[in-house]
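Within every chain, numbering begins at 1; the chains are lettered A, B, ... in the order of the sequence lines, protein sequences first and strands thereafter.
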Amino acid sequence: MAYSRDLIRNFSIIAHIDHGKSTLADRMMELTDTVALRDMENQLLDTMDIERERGITIKSTAVRMFYKHTDGKTYMFNLIDTPGHVDFTYEVSRSLAACEGAVLVVDATQGIEAQTLANVYLAIDNSLEILPVINKIDLPSAQPEHAIKEIEDVIGIPAEKAPLISAKNGTNVEEVLAQIVDVIPPPEGDETKPLQALIFDSIYDNFKGAVSYVRVKDGTVKAGTRIRFMATGKEFEVTEVGVFTPSPKPTDSLSAGEVGYIAASIKSVADTKVGDTITTAANGAKEPLPGYKQANPMVFCGIYPADGAYYENLRDALEKLVLNDAALSFEPETSLALGFGFRCGFLGLLHMEIIQERLEREFDLDLVTTAPSVIYKVKRTDGEEILLDNPSNMPPVTEIEYMEEPMVEAHIMTPSEYVGTIMELCQEKRGVFIDMTYIEETRVNIKYELPLNEIIYDFFDQLKSRSRGYASFDYELKKYQKSDLVKLDFLLNGDMCDALSTIVHRDKSYSKGRAVAEKLQEVIPRQQFEIPIQAAIGGKIIARETVRAVRKDVLAKCYGGDITRKKKLLEKQKEGKKRMRQVGTVSVPSEAFMSVLRIN
Amino acid sequence: MAGIYIHIPFCIKKCAYCDFISFADKAECFAKSYCDALKKEIEHYAPKMKRYLFDTVFIGGGTPSVIDESLIKDVLDSVKKHFSIATDAEITIETNPGTLNEQKLSVYKQAGINRLSIGVQSADDEVLNAIGRIHTFEEAKNSFYLARKCGFDNINIDIMYALPKQSLSSYTATLNKIIELSPEHISAYSLILEEGTELYEMCNSKKVKLPSEDEEFQMHKCTITLLQKAGYERYEISNYAKSGFQCRHNLNYWQSGEYLGLGVAAHSAVRLEKMLERWSNTACLDNYISAPQKEETHEVISKEDEIFEFVMLSLRKTNGFALTEFKERFACEFLEKYGEKAETLQKKGWLCISDEWLKLTDKGLDMQNEALIELLY
């Protein structure tokens, strides 16, 4: 028996990193007795270690709660937890499309951030009702009135009734629950119409296969129903439907207005694409729900096992991750310096870091990664256009008519005192100023057009450090643009190291070449001979550094009690040597390959 | 050859670079019960070590000279009572300037101690202060003269280089001043910055700057040149002696001899049955005092590991090892096993192979870690 739609509320929570989204969700679950107190663990929804540690949500999750309102009725809440990072904008938009409302959490000490604003606009675009909530009122530096005014000025929605809460202490969270019923409308829909279920995320389960997280817009789905994925056209028979308590719990059916999961023995999440619409194979919906997009990787890097013998393990690990992450792509590549590995594509830098970290942690792999690259378009003199995601594959200059690089539009929100330094940063990164608006007297929204390849290095870190952590930013891909790009190569003791090659704008090539050479000089350990490090464009050397030869490497002391320890030290030194990559005659430590990234 | 090591884990103050097991400010409360525990441990091992004639005894620390001299004598008496000690045994005690007086030295002498090791470290008071030593060079010199006066004719002086506040000229001055004292033996160690020490933290937080690798190398070369010119022969990576005064106790380690270690954190290596066994005592003072005979770790060394250790240790000595000795110990030819790699090292100028001996060259000694890795792995 389907739950009365009038008593259902589907919503998500929008908040900037650290503004208290997951804590608020935890409190809600506590208050509605969704999770027994003994199972409470901070940040229930963020199940991955990385999510908990970094305080970010990577995968979407959902949870069903039952709330007894002051009107005496019991309401079903479906909270859809969304990722909170610019890399995952599309996933966020699909999660929001599954809701009728969004709880906007604003930190009373910080105000609105660019990320939050971007997501609020996404919510408004999806016609969601916004319920503002002011969090962290327990902190001495809290300025709730300020935050309320900011919400009204910037977003243009009334906020005088916003509950002032402390999710940490549980203050006023009850009021948030009450307002969810009052402010957020119940879902519309018709269970007698053909099935339309929106996939807002999918995960791979070892037993159930790829499981779609869905919001049913119209119709009903139950085990045994033959369904069709409208984007791929593939058909499957439903093995199980269920809801999130927050752990998955099978139910008889899912009907219009409800949120839950559908399992159908599907082999890969590539078949359960976020944003796709599920309908019935027979008498299905004519049209899919709007908004489906193929998620395309924007950032690429080479990932290699630190020890070549682990190539197969790395492939297995990537295959497993791809099962769960349709946005990740990988294909085999080889490097002279690094041997066999994979060129992997990611939605953005954070996505890349997360995948690397998961490979290392969950699969216990030691990796060498090369500096990230974007996709360049190369127009060859023979008229052919190629997409270039690996600098090593750049054709010789003589065969290139011109090259294009991806440009993004970046929105940076910052306290006005940092405008100067941030604009300087954007200029340094070849940015073109578009617009600047004052959100209020002390806060500014700056719009810049920036080359993506400048953003994927240290832009975010620079932005944070130059604004003491106050500026936030968001970007979207705008277009490809002709650009004077060159390939910067590095030679170690005369041998070219392909894994260090990178594509840069000509104006930046000299300074970059020098900086990377200096960095390499720092990270490459002294060896038994002198090592010249050279940066080159084409055949021309533009910078040179030298790693001096090591002249003394011996333990000063070794007596009876030291023998075991000294043996271990030698063992470690040998292991360290083994882990280094041999580029010609030079042993290069793994971190050197990322050094192109981390320069000042 | 066999030796006995006795660890006295007390100091007045911990030096900034020190990562040995040693407790500051505990001597007064614990010295007596600690030495009682040592005696119990001696009695425990006495029956097991019946067949050994020990050639050397080394009382190290910590600072053995901080505790009452009568306790040292007590322990040594017990050692002599329970173990066979050769009549011409080398019996050494480590001391620190500032903890010595005539009374102490004469009791040491009576107890049979015939070799003194004095931790001078530097002749530059600014450097001494920077590494947390409790004495000046003047005091160190006085301790040395006092020892001579008390009849010690086999004295080692420890010095260190690559220390904070130390320049090449400060270090050469130290070398010259030590040479002037004319001890029989000099140990010159380059600083090993050990994790967990005060100095490590100070370097990490940039409060202290150490000499560069190049400066260290110059100091190292200076040590060899100046000491050799003054008649000291380099017989191990960091050890120099006048003819006939090499430290027999330490040579025993480098020749893979057997040794019994007594006291907190002491290590032993003894061939109880056929295989070499190595064990260690607890590093915890309380635990040691309550159960001095208890082992903390115990391992049986495989033949492969024994070979590894033999090469690792004997190549610390400037004369390396005799190929016949290797064959006698391990019943195989070194060159059959490692010949190819040895040859590569020889070509590089790191290793010197004669018909009878295998030893590292000066360059090879400088790069001993690398040489071992290339040779043994």
Assess whether atom [atom1] of [X] is packed by more than 12 heavy atoms of other residues, nucleotides or ligands within 6.0 Å.
X: B/Lys359; atom1: NZ; answer: no
X: B/Phe23; atom1: CZ; answer: yes
X: A/Tyr310; atom1: OH; answer: no

I need the [X] [atom1] to [Y] [atom2] distance, nearest 0.5 Å.
X: A/Ile563; Y: B/Ser256; atom1: CD1; atom2: OG; answer: 7.0 Å
X: A/Leu555; Y: B/Ile192; atom1: CG; atom2: CD1; answer: 6.0 Å
X: B/Phe20; Y: A/Tyr559; atom1: CZ; atom2: OH; answer: 8.0 Å
X: A/Lys577; Y: B/Ile373; atom1: NZ; atom2: CD1; answer: 6.0 Å
X: A/Lys567; Y: B/Met312; atom1: NZ; atom2: CE; answer: 7.0 Å

What part of [X] is in contact with chain A, defined as an atom under 4.5 angstrom from a non-hydrogen atom: side chain, backbone, both or neither?
X: B/Leu313; value: side chain
X: B/Tyr5; value: neither
X: B/Ser190; value: both
X: B/Tyr161; value: side chain
X: B/Asp214; value: both
X: B/Trp279; value: neither

Flag the pair [X] / [Y] as yes when at least one side-chain heavy-atom distance between them is below 4.5 Å, and no otherwise.
X: A/Leu570; Y: B/Asn369; value: yes
X: A/Glu571; Y: B/Tyr377; value: yes
X: B/Leu372; Y: A/Lys574; value: no
X: A/Val550; Y: B/Glu370; value: no

Exercise. When A/Lys552 is tested against each of B/His220, B/Met367, B/Lys221, B/Gln368 for side-chain contact (heavy atoms from CB on, under 4.5 Å), which residue passes?
Worked result: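 The single option meeting the side-chain contact (heavy atoms from CB on, under 4.5 Å) with A/Lys552 is B/His220.
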For this session: Would you check if the side chain of B/Ser238 reaches a backbone N or O of A/Lys557 as a donor-acceptor pair within less than 3.5 Å?
Result: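 No, the answer is negative, given that no donor and acceptor are paired below the 3.5 Å cut-off.
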Exercise. Backbone N or O of A/Ala556 within a donor-acceptor pair of the B/Arg316 side chain at under 3.5 Å?
Worked result: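 Such a contact is found between B/Arg316 side chain and A/Ala556 backbone.
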Problem set entry | A/Arg565 with B/Asp19: basic N within carboxylate O range, under 4.0 Å |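 So A/Arg565 pairs with B/Asp19 through a salt bridge.
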Exercise. Is the shortest side-chain N to carboxylate O distance from B/Glu213 to A/Arg548 below 4.0 Å?
Worked result: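 Salt bridge: no.
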Exercise. Looking at B/His7, B/Glu194, B/His249, which makes the most heavy-atom pairs under 4.5 Å with chain A?
Worked result: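 Between B/His7, B/Glu194, B/His249, the count favours B/Glu194.
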For this session: Kindly determine whether B/His267 and A/Asp562 satisfy side chain to side chain contact (heavy atoms under 4.5 Å, CB included), including the steps that lead there.
Result: CA-CA 9 Å; B/His267 287 62; A/Asp562 302 323; over 6 Å; no
